[in-house]
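Take a look at the structure below.
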Amino acid sequence: MEAFSSKNLFASLLILFAFSIIFCPAQATKKPYQEASTQFIRTSCSTTTYPKLCFHSLSKHASFIQTNRLLLTGTSLNVTLSSAKSTSVLMSTLAKSQGLKPREIAAMKDCVEELRDSVDELRKSIDEMSHLGNSNFDLTMNDVQTWVSAALTDESTCTDGIQETKGNVKTTVRGRIVKVAQLTSNALALINQLASFHG
Ligand SMILES: *[C@@H]1O[C@H](CO)[C@@H](O)[C@H](O)[C@H]1NC(C)=O
């Protein structure tokens, strides 16, 4: 009886295994547009300064982006904005924590302001992008480029300020800020791509 059930189990596993072999490749080819989108994102990201981060942050939105350059660019701005917002919240919380050196407090406070500006600028650029259909393309893209460049400058100023501090704040916060700046730099590269493909 026992021998029978273990044989049974073995047979079931074998069948399951066979099924997984048969159906897995089928699943991978099930959504060809998803594959096209993933490839599109990889190619577009390859010309940015941080291609791995670019691909990693956008490929999870592949089914939304498809192979649409406008959606790709808009998504990269939205992802950047959301990262800038959460980092800004983290910084304002940390700036109020006990035991910071005066130098650290000053750097954190500057950063909170710079990030607030950067969030505003990213919001404005996203808003501009949404009007792209019914306004002058070149003028609108020019505005978007200006806002996103300004956001990048603000983030870099913050990074530089943090870089000059010593201690816990630097180790906690630096990586986060750097990531926001890298996402912004990538978004700017995709914006430039969008502008050049149109022209
Ligand atoms: C970006 O976010 C805005 C505001 O939430 C939204 O209206 C827009 O559709 C988003 N764009 C993309 C491309 O996801």
Side-chain angles (χ1 to χ4, degrees), residues 28 30-93 111-159 173 175-199:
K30 211 167 157 186
K31 297 173 178 166
Y33 74 88
Q34 189 107 9
E35 198 142 315
S37 173
T38 303
Q39 194 49 46
F40 168 69
I41 294 169
R42 196 187 306 281
T43 308
S44 307
C45 282
S46 69
T47 61
T48 64
T49 311
Y50 310 97
K52 266 192 199 156
L53 175 66
C54 176
F55 181 74
H56 186 76
S57 64
L58 293 175
S59 57
K60 53 186 109 150
H61 305 285
S63 59
F64 173 74
I65 293 169
Q66 298 179 43
T67 54
N68 184 318
R69 200 168 291 284
L70 196 55
L71 290 182
L72 175 81
T73 312
T75 304
S76 86
L77 278 172
N78 281 3
V79 166
T80 306
L81 174 63
S82 115
S83 172
K85 278 202 290 200
S86 65
T87 304
S88 171
V89 170
L90 173 76
M91 294 287 259
S92 351
T93 311
C111 261
V112 168
E113 263 181 46
E114 281 140 10
L115 278 179
R116 193 179 300 148
D117 289 348
S118 147
V119 164
D120 275 351
E121 285 143 0
L122 289 168
R123 279 212 182 97
K124 278 179 195 151
S125 68
I126 289 167
D127 186 50
E128 285 276 333
M129 286 278 290
S130 69
H131 300 138
L132 209 51
N134 41 27
S135 58
N136 182 307
F137 183 87
D138 290 339
L139 276 183
T140 306
M141 286 309 284
N142 221 329
D143 283 348
V144 174
Q145 283 162 326
T146 305
W147 289 126
V148 178
S149 302
L152 187 55
T153 304
D154 284 324
E155 291 153 11
S156 306
T157 311
C158 163
T159 315
V173 143
R176 294 282 300 254
I177 291 286
V178 166
K179 189 180 169 196
V180 174
Q182 292 180 344
L183 285 170
T184 308
S185 154
N186 285 344
L188 188 56
L190 295 177
I191 288 162
N192 293 338
Q193 260 186 53
L194 176 66
S196 71
F197 267 87
H198 192 266

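Counting starts at 1 for both ligands and their atoms, following the listed order.
At a cut-off of 3.5 Å, with distance as the only test, a side-chain donor of T184 or E155 sits close to an acceptor on the other residue.
Each of L194, D143, N78 was scored for a side-chain contact (heavy atoms from CB on, under 4.5 Å) with M129, with one residue passing: L194.
Taking a distance limit of 4.0 Å, we find that atom 14 (O) of ligand 1 is approached by some protein heavy atom. Protein heavy atoms are found less than 4.0 angstrom from atom 2 (O) of ligand 1. Under the 4.0 Å distance rule, the nearest protein heavy atom to atom 11 (N) of ligand 1 falls inside the cut-off.
Given atom 8 (C) of ligand 1, the protein heavy atom at minimum distance is N78 ND2, 3.8 Å.
Listed by number with element, the atoms of ligand 1 under 4.0 Å from a non-hydrogen atom of G74 are 13 (C).
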**Q.** Audit row: L115, I177, side-chain contact (heavy atoms from CB on, under 4.5 Å) steps and yes/no
**A.** CA-CA 9 Å; L115 278 179; I177 291 286; 3.7 Å; yes
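D127 places a side-chain heavy atom less than 4.5 Å from the side chain of S130. S185 has its side chain within reach of L152: a pair of non-hydrogen atoms, C-beta onward, lies under 4.5 Å apart.
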